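Here the structure is a predicted model, which means the values were calculated and not measured.
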Amino acid sequence: MRLALPSIVSNITVPLLGLVDVSIVGHIGDARYIGAIAVGSMIFNVLYWLFGFLRMGTSGLTAQAYGAQNREETTRMLHRGLTVALLTAASILLLQLPLRHVAFFLMQATPDVVQLCTPYYNICVWGAPAVLGLYALTGWYIGMQNTRIPMLIAIGQNVVNILASLVLVFGLGLQIEGVALGTVIAQWAGFLTSLWLLHRNYGLSVRFCFSRMSAFLRVNRDIFLRTVCLVCVNLWFTSAGAAQGAVILAVNTLLMQLYLLFSYVLDGFAYAGEALSGRYYGAGDRQALDSVVKRLFGWGGAVTLLFTLTYVAGGSAFLGLLTSDAQVVSAAVPYMPWAWFVPVAGMAAFVWDGIFIGLTLSRDMLRSCFVASVAFFALYFALHPALGNHALWLALLVYLALRGIVQTWLYRH
């Protein structure tokens, strides 16, 4: 719980960065600004999500070195993670113009939104070194059994973002440029503060390390490919809902908030699983590792039961808090039971992800996610003509459940 609770708090603060931007531009007085922020935020969310391996790969390998009491290797893991993160960020900055054109093409943004989103993109892209560097640092802290520092950084980033954006937009009148600058300032504040805490608590600083990178890159390659599968499923879920009209898109978006809320909490226990399973694996303590797995599934089951009962009892009321559109709330009723079963279907996948990251079983994570993704698309295309949006939700539940089932089989073997 000492590891899980700070991670839960950190996870809940993550969407606030984008929410703050939308809230501020929503008071400027032009709806086009909201669309521009939505497009810009989506571009960077997907881009950075693809590089989430910098956190996960670093945490598992660091936790194993920590468990083996190999201080030199934990330090090298920090430097390897930062090396890959900063070199990747440098590549993004060098390729920012072609990346921008490709992103706008894929998002199919209208010309007026592109015009407003371009300055937002041009400013926010300079936060890439801070964001990716912080991924590596966060993974390293988790591997070192320290989730408190990432929590403090996440909270601090949101405070800085709110204050900076308010001053720049309403104080200096910079509009969308002010929102972008506020985001970048918050990202760099988080990264630099994390580096300062690293030096203060561990006596370490940034260094480049290229030695013995093969294992690190292998683990990260598999996690990257797994993330591609996740992105494909999530983007298709959104686009398939949009193709069915504005009401169905709104229904799916609202119901997905129930999925995201559950994931933010359970991911906190998955982070604890990364730290502890890697630690005991590195220490060669199989008995402690088995105990961690049992306890994680115990907590996962309790959280699943709590969320399922809450969604069954109050899911409709929750939707009423998110929107006052009676048509959307009414249209969501037939699909609500699918959201009830999201915690049951997804629990094992979330828990195993944390354990597999700690054990650096990244190839098995990729295998399970690939099989589940194929099943998702196969089910959707087979059933959509007859079931419509119900086929999309059924495919999502099977996708989540199959990830957990395949990982359970792989772990036992």
Which value, rounded to the nearest 0.5 Å, describes the distance between [X] atom [atom1] and [Y] atom [atom2]?
X: Leu61; Y: Ile357; atom1: CG; atom2: CD1; value: 11.0 Å
X: Ile153; Y: Asn158; atom1: CD1; atom2: CG; value: 12.0 Å
X: Arg212; Y: Ser214; atom1: CZ; atom2: OG; value: 8.5 Å
X: Met347; Y: Thr308; atom1: CE; atom2: OG1; value: 9.5 Å
X: Ile355; Y: Met365; atom1: CD1; atom2: CE; value: 11.0 Å
X: Thr193; Y: Leu152; atom1: OG1; atom2: CG; value: 10.5 Å

For a 4.5 angstrom cut-off between non-hydrogen side-chain atoms, does [X] reach [Y]?
X: Arg403; Y: Leu230; value: yes
X: Thr304; Y: Trp299; value: no
X: Thr147; Y: Arg2; value: no
X: Thr238; Y: Met256; value: no
X: Tyr311; Y: Leu261; value: yes
X: Ile92; Y: Leu132; value: yes
X: Phe237; Y: Leu392; value: yes
X: Val292; Y: Tyr280; value: yes

Practice task
Please check if any side-chain donor atom of Gln407 sits under 3.5 Å from a side-chain acceptor atom of Asp353, or the reverse.
Solution key: yes
Problem - Flag for Trp49-Asn234: side-chain donor and acceptor within less than 3.5 Å - result: no
For [X], look at atom [atom1] and say whether over 12 heavy atoms of other residues, nucleotides or ligands are found less than 6.0 Å away.
X: Tyr411; atom1: OH; result: yes
X: Tyr281; atom1: OH; result: no
X: Tyr48; atom1: OH; result: yes
X: Arg148; atom1: CZ; result: no
X: Trp393; atom1: CH2; result: yes

Exercise for the section: Start with the C-alpha distance between Gln64 and Asn70, add both sets of side-chain angles, then the distance that settles side-chain contact (heavy atoms from CB on, under 4.5 Å), and finish with yes or no. Expected result: CA-CA 9 Å; Gln64 292 181 18; Asn70 188 339; over 6 Å; no
Exercise for the section: Mind running side-chain contact (heavy atoms from CB on, under 4.5 Å) on Val131 and Phe44 for me, showing each step along the way? Expected result: CA-CA 10 Å; Val131 173; Phe44 286 105; over 6 Å; no
Any donor-acceptor N/O pair, [X] side chain to [Y] backbone, under 3.5 Å:
X: Gln145; Y: Gly143; value: yes
X: Ser368; Y: Val406; value: no
X: Thr62; Y: Ser59; value: no
X: Asn220; Y: Phe216; value: yes
X: Ser239; Y: Trp236; value: yes
X: His413; Y: Trp409; value: yes
X: Thr408; Y: Gly404; value: yes
X: Ser10; Y: Met151; value: yes

Give the minimum heavy-atom separation between [X] and [Y], together with the two atoms involved.
X: Pro385; Y: Ala382; result: CD-O, 3.9 Å
X: Asn252; Y: Gly241; result: ND2-CA, 3.6 Å
X: His79; Y: Cys209; result: CB-CB, 3.6 Å
X: Cys369; Y: Cys229; result: SG-CB, 3.7 Å
X: Met213; Y: Arg80; result: SD-CG, 3.5 Å
X: Ile8; Y: Val265; result: CG1-O, 3.4 Å

Fill in the blank from the handout: The salt bridge (charged side-chain N to carboxylate O under 4.0 Å, His left out) partners of Asp267 (sequence neighbours excluded) come to none
Problem - Test: Arg55 cationic atom under 6.0 Å from Tyr271 six-membered ring centre, within 45° of axis - result: yes
Handout entry: Reference residue Asn146; test side chain to side chain donor-acceptor pair (under 3.5 Å); the match among Tyr66, Tyr202, Trp140
Key = Tyr202
Problem - For Ser291, the option from Gln287, Lys294, Arg295 that meets side chain to side chain donor-acceptor pair (under 3.5 Å) - result: Arg295
Problem - Arg279 and Glu274 ion-paired at < 4.0 Å - result: no
Handout entry: Asp222 bridged to Arg226 by N-O distance under 4.0 Å
Key = no
Practice task
Please work out whether the ring planes of Trp188 and Phe191 are parallel, tilted or perpendicular, with thresholds of 30° and 60°.
Solution key: perpendicular
Exercise for the section: Verify side-chain contact (heavy atoms from CB on, under 4.5 Å) between Trp338 and Leu255, making sure each step is shown before the conclusion. Expected result: CA-CA 9 Å; Trp338 296 114; Leu255 291 178; over 6 Å; no
Exercise for the section: Evaluate the criterion side-chain contact (heavy atoms from CB on, under 4.5 Å) for residue pair Leu78 and Leu198; output intermediate values, then yes/no. Expected result: CA-CA 10 Å; Leu78 169 69; Leu198 176 73; 3.7 Å; yes
Ring centroid separation for [X] and [Y], is it under 6.0 angstrom?
X: Phe53; Y: Tyr135; result: no
X: His390; Y: Tyr335; result: yes
X: Trp352; Y: Phe297; result: yes

Practice task
List the steps and the verdict of ring-ring contact (aromatic ring centres under 6.0 Å, His included) for Phe350 and Phe269.
Solution key: CA-CA 9 Å; Phe350 286 116; Phe269 291 97; over 10 Å; no
Handout entry: With Phe356, the side chain to side chain contact (heavy atoms under 4.5 Å, CB included) member among Val351, Leu366, Leu361
Key = Leu361
Practice task
Pick out which of Trp340, Phe307, Phe341 makes a ring pair (Phe, Tyr, Trp, His ring centres under 6.0 Å) with Phe262.
Solution key: Phe307
